[in-house]
Amino acid sequence: MRFVVTGAAGFIGSHLCDRLLEDGHAVVGVDNLLTGSMANLEHLEGHAGFHFILQDVCEPLEIEGPVDGVLHLASPASPKDYLQHPIETLDAGSRGTRQMLELARRHRARFLLTSTSECYGDPLVHPQPETYWGNVNPIGIRSCYDEGKRVAETLMMDYHRQNGVDIRIVRIFNTYGPRMAINDGRVISNFIVQALRGEDLTVFGDGKQTRSFCYVSDMVEGMVRMMEADGISGPLNLGNPVESTILELANQILSKTKSGSKIVFKSLPEDDPERRCPDITLAKRFLNWEPKVSLKEGLERTIEYFKEKLKERGIETPSHL
Ligand code: UDP
């Protein structure tokens, strides 16, 4: 089959391209490199099944030949990035999703949107099932991402109802692993890089807020299963249901890296959700999917990745690490 992957040069997008190619499919990767990096696709240079198009998803996209599926991941996804590019983020969710849905409609292709746990905002229901409508601030600094993805979901449903597009919506929860950028700004990459460099680990707020972290190979597996499944359009949660506080995460990373770094507390960003944990009953039932990689194992692999990355860049890490 032939798939279009938007956000192909991003962290999850590049892993998804690898997986689809490994499964024997052809992939057209699309990215405008606002937050993605060609370094994530370097290893695919010259791969016969892979073709890259440098383009913003908000522009009409013409693809010659057949397209069997579109997987639309393109969007800044780290709070640090979407705070810096709010309009572009809202555009990726709204105008970008519309353009990519048009592409899917023209080719009669199945369309998967990576929506987000941010649709639940600062949730008042715990853990979050797909039936929960969320508690989202429409005018805050995170709204560009939250509302952008919520409007993307609405567009999906209306293209399905009005134009018969075959849709799949997955709401993805915090995901981590190799190929996160050193300066990505999200908590796991921040803490690992800080620990390896012997810098203070910056815990925002009191560190009692929770997240549930899914290793990237598990996330990609869930997305592929959703794309292949018949009879379910979503929304469907994909994430690891094991919840931990940010302070626990910081301590775990300190102990795994054997770092002498200290923890410092900084102010909590506006609208930072207090708790987040997916209810994955639907994914278990319909996709027979649940995460396989524990946080312990995933952190070890990710720490190894960042050690290599820092070495490559000539960034110093204390000698005992
Ligand atoms: N966080 C932190 N220190 C950091 C980066 C993030 O304490 O250096 C916190 C952040 O305030 C949030 C959680 O870690 O409560 C997860 O943040 P992240 O940016 O990874 O993703 P989010 O789940 O907020 O989208």
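All ligand and atom numbering here is 1-based and tracks the order in the structure. Just so it is clear, the structure is predicted and the values come from calculations on it, not from any experiment. Just so you know, these numbers use all the heavy atoms, side chains as well, and skip hydrogens, waters and symmetry mates. Just so you know, residue 1 is the first one in the sequence shown, and it goes up from there.
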Discussion item. Between R276 (side chain only) and F173 (backbone N and O only), is there a donor and an acceptor less than 3.5 Å apart?
Written reply: no
Item to complete: Check R142 against ligand 1 and report side chain, backbone, both or neither, counting heavy atoms closer than 4.0 Å.
Response: side chain
Worksheet entry | side-chain hydrogen bond (donor to acceptor under 3.5 Å, both in side chains), paired with Q194, selected from T202, D200, T257 | T202
Discussion item. Give the atom numbers and elements of ligand 1 that come within less than 4.0 Å of a heavy atom of E118.
Written reply: 25 (O)
Fill in: Which segment of R186 sits under 4.0 Å of ligand 1 when only heavy atoms are counted
both
Worksheet item: For the atom pair CE (M157) and OG (S233), what is the distance rounded to the nearest 0.5 Å?
Response: 5.5 Å
Worksheet entry | Selected option - heavy-atom contact closest to atom 13 (C) of ligand 1, from T210, D81, I246, V203 | I246
Response to the item:
Among N174, T245, N190, V187, the residue with a heavy atom nearest to atom 21 (O) of ligand 1 is N174
Discussion item. Tell me whether ligand 1 is touched by E274 - counting only heavy atoms on the residue side and a distance under 4.0 Å.
Written reply: no
Item to complete: Give the C-alpha distance, both sets of side-chain angles, the deciding distance and a yes or no for side chain to side chain contact (heavy atoms under 4.5 Å, CB included) between S261 and L254.
Response: CA-CA 7 Å; S261 293; L254 283 179; 3.8 Å; yes
Fill in: Contact with ligand 1 for K80, non-hydrogen, under 4.0 angstrom
no
Worksheet item: Purely on distance, is any nitrogen or oxygen of Y82 under 3.5 Å from one on ligand 1?
Response: no
Worksheet item: Between the candidates K266, R211, M180, which shows the shortest non-hydrogen contact distance to atom 23 (O) of ligand 1?
Response: R211
